[in-house]
Peer 1: 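A single structure is presented below for examination.
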Amino acid sequence: MRACDEVGIDERLRELESRLRGPARLRTELIREVRDSLDDATEAYREAGLPARDAERRAVADFGTPAELAPAYQAELAAGALRGLSRRALVIAVLLTAGGDLTWRGSSWSGGPPPPAGYQLLAGSMNGIWLVVAGMALAALSFGAWAARRGRAATTVGRLLGWGLTGALAVGAVAGVALFAWSVALWDAALTWPPMIIGAVLAGAAHFALFRASRSWLVAAR
């Protein structure tokens with residue numbers, strides 16, 4: 001048995017967890033799965049006649065070192081973080097596409113002169129941006145499921161899809177803020193129109209959730 005493996009389960013798990021980056025919940029679940037595997041291996045060695053401490057050390061030694069294990073587990077964390085980001089992005093993209101026009105209906109300025117051409121172009125592009133986000137999210141979820149069925153980490157393709165989704169989300173956030181600011185600049189009543197206020201609050205909460213999910217994926221995939 002190697003000297004570096006003369007450690008127990010708790011110490012080995014701490015060493016492994018210190019090397020992993022990503023969402024805390026996913027890390028906790030992964031470490032719990034590793035502990036269960038090590039506990040099962042320890043129990044098997046005990047049933048074979050080894051003392052408890054020796055059985056634990058043998059299970060840890062057979063499992064591998066943190067340096068050997070961390071890359072595979074990190075790839076698993078990155079895939080899990082991308083799934084979480086993709087699910088949030090898909091749901092929010094559908095909601096924002098379906099509900100975006102509701103903030104304008106019945107407003108006092110909707111029957112007035114048309115806004116500048118640039119404003120109309122920006123407003124018209126919003127649905128397209130969120131459709132791209134939805135498409136990227138679906139692609140990431142589909143490819144992740146395909147890779148999982150085949151036992152592949154799919155790190156390169158997963159990163160490309162993650163970067164594409166993150167970029168599309170950034171464009172959507174910037175465009176949304178710009179559209180809201182331009183609306184307020186064009187129509188003073190936009191600041192007191194209840195659907196606009198509610199829409200801005202909900203969109204802000206959605207973007208905050210997407211920012212956190214994007215950050216978690218970026219940390220796990222770097």
Peer 1: Are Leu138 and Val133 linked, directly or through intermediate hydrophobic residues, by side-chain heavy-atom contacts shorter than 4.5 Å (ILVMFWY only)?
Peer 2: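 As far as the 4.5 Å side-chain criterion goes, Leu138 and Val133 are not connected within one cluster.
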Peer 1: According to a hydrophobic-cluster definition based on side-chain heavy atoms being under 4.5 Å apart (Ile, Leu, Val, Met, Phe, Trp, Tyr only), do Leu160 and Leu82 belong together?
Peer 2: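 No, Leu160 does not connect to Leu82 through the hydrophobic network.
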Peer 1: What distance do Met196 atom CE and Trp187 atom CH2 have between them, rounded to the nearest 0.5 Å?
Peer 2: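 Atom-to-atom, Met196:CE and Trp187:CH2 are 8.5 Å apart.
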Peer 1: Do you know the tightest heavy-atom contact between Arg222 and Arg21?
Peer 2: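 It is O-NH2, 2.8 Å.
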Peer 1: Determine yes or no for a side-chain-to-main-chain donor-acceptor pair under 3.5 angstrom, with Glu43 supplying the side chain and Asp40 the backbone.
Peer 2: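 Not at all, since once roles are kept as given, no pair shorter than 3.5 Å links the two residues.
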Peer 1: Test Leu165 against Ser86 for side chain to side chain contact (heavy atoms under 4.5 Å, CB included), laying out the working first.
Peer 2: CA-CA 8 Å; Leu165 178 57; Ser86 299; 3.7 Å; yes
Peer 1: Please check if the number of heavy atoms outside Arg212 that lie under 6.0 Å from its CZ is greater than 12.
Peer 2: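 At most 12 heavy atoms, drawn from other residues, nucleotides or ligands, come within 6.0 Å of this atom.
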Peer 1: Locate the shortest heavy-atom distance separating Glu76 from Glu33; write the atom from each residue and the value.
Peer 2: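 Heavy-atom minimum between the residues: OE2-OE1, 4.3 Å.
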Peer 1: Find the distance between CG (Leu161) and CE (Met136) and round it off to the nearest 0.5 Å.
Peer 2: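 Going from CG on Leu161 over to CE on Met136, the span is 5.5 Å.
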Peer 1: Arg14 and Glu17: side chain to side chain contact (heavy atoms under 4.5 Å, CB included), yes or no, with the steps?
Peer 2: CA-CA 5 Å; Arg14 285 194 296 269; Glu17 187 171 12; 5.8 Å; no
Peer 1: Please report the shortest heavy-atom distance between Arg12 and Val60, naming the atom on each side.
Peer 2: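 Here Arg12 and Val60 meet closest at NH1-CG1, 3.5 Å.
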Peer 1: Which distance, rounded to the nearest 0.5 Å, do you find between the CG of Asp62 and the OG of Ser37?
Peer 2: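 The CG atom of Asp62 sits 12.5 Å away from the OG atom of Ser37.
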Peer 1: If you measure from NE2 on His207 to CG on Leu202, what distance do you get to the nearest 0.5 Å?
Peer 2: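 Result: 11.0 Å between the selected atoms.
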Peer 1: Could you walk me through whether Trp130 and Leu169 pass the side chain to side chain contact (heavy atoms under 4.5 Å, CB included) check?
Peer 2: CA-CA 8 Å; Trp130 289 111; Leu169 288 171; 3.9 Å; yes
Peer 1: So, the side chain of Arg27 versus the backbone of Gly22: is there a donor-acceptor pair under 3.5 Å, distance only?
Peer 2: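 At least one qualifying donor-acceptor pair exists.
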Peer 1: Would you please test Leu38 and Leu13 for side chain to side chain contact (heavy atoms under 4.5 Å, CB included) and show each step?
Peer 2: CA-CA 10 Å; Leu38 288 171; Leu13 291 179; 4.1 Å; yes
Peer 1: Does Leu77 share a hydrophobic cluster with Leu69, counting links as ILVMFWY side-chain heavy atoms below 4.5 Å and allowing steps through other members?
Peer 2: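 In one cluster with Leu77: Leu69, yes.
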Peer 1: Between Ser214 and Leu85, what is the shortest heavy-atom contact and its length?
Peer 2: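 Residues Ser214 and Leu85, closest heavy atoms: OG-CD1, 3.5 Å.
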Peer 1: With rounding to the nearest 0.5 angstrom, report the OG1 to CZ distance, Thr42 to Phe63.
Peer 2: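 CZ of Phe63 is found 11.0 Å from OG1 of Thr42.
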Peer 1: I'd like to know if Tyr45 and Ile9 are part of one continuous hydrophobic network [Ile/Leu/Val/Met/Phe/Trp/Tyr, side-chain heavy atoms within less than 4.5 Å].
Peer 2: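 Per the 4.5 Å side-chain linkage, Ile9 and Tyr45 are not co-clustered.
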Peer 1: When you measure from the side chain of Ser142 to the backbone of Ala139, do you find a donor-acceptor pair of N or O atoms at a distance under 3.5 Å?
Peer 2: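 No; zero donor-acceptor contacts below 3.5 Å.
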Peer 1: Are side-chain heavy atoms of Pro115 and Trp182 found at a separation under 4.5 Å?
Peer 2: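 They are not in contact (no side-chain heavy atoms under 4.5 Å apart), so the answer is no.
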Peer 1: What distance do Glu56 atom CD and Leu50 atom CG have between them, rounded to the nearest 0.5 Å?
Peer 2: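 Answer for the CD-CG pair, Glu56 versus Leu50, is 12.0 Å.
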Peer 1: With side chains defined as the heavy atoms from C-beta onward, is the minimum distance between Tyr73 and Arg19 less than 4.5 Å?
Peer 2: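 The answer is no, as the side chains (C-beta and beyond) never meet within the 4.5 Å cut-off.
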Peer 1: Are the aromatic ring centres of Trp217 and Trp163 under 6.0 angstrom apart?
Peer 2: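 That pair passes the under 6.0 Å test.
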Peer 1: For residues Ala200 and Phe180, report the shortest heavy-atom separation together with the two atoms involved.
Peer 2: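 The pair with the smallest heavy-atom distance is CB-CE1, 3.9 Å.
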Peer 1: So does Arg32 pair up with Glu29, basic N to acidic O under 4.0 Å?
Peer 2: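 The answer is no: the pair does not qualify as a salt bridge.
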Peer 1: Looking only at non-hydrogen atoms, find the nearest pair between Leu26 and Gly80 and report the distance.
Peer 2: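 It is CD1-C, 3.5 Å.
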Peer 1: Is it true that Val157 and Leu218 fall in one hydrophobic cluster, defined by side-chain heavy atoms closer than 4.5 Å?
Peer 2: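 Yes, it is one cluster - the side chains of Val157 and Leu218 are joined through contacts under 4.5 Å.
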Peer 1: Between the side chain of Thr97 and the main-chain N/O of Val94, is any donor-acceptor distance below 3.5 Å?
Peer 2: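 Between the backbone of Val94 and the side chain of Thr97 there is no qualifying donor-acceptor contact (under 3.5 Å).
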Peer 1: Distance-only, no hydrogens or angles: does the Thr65 side chain make a donor-acceptor pair with backbone N or O of Glu68 under 3.5 Å?
Peer 2: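 Answer holds: yes.
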Peer 1: Decide salt bridge (Lys or Arg N to Asp or Glu O under 4.0 Å) for Asp54 and Arg46; before the verdict, give the C-alpha distance in whole Å, the side-chain angles of both, and the deciding distance to 0.1 Å.
Peer 2: CA-CA 8 Å; Asp54 289 344; Arg46 291 185 63 183; over 6 Å; no
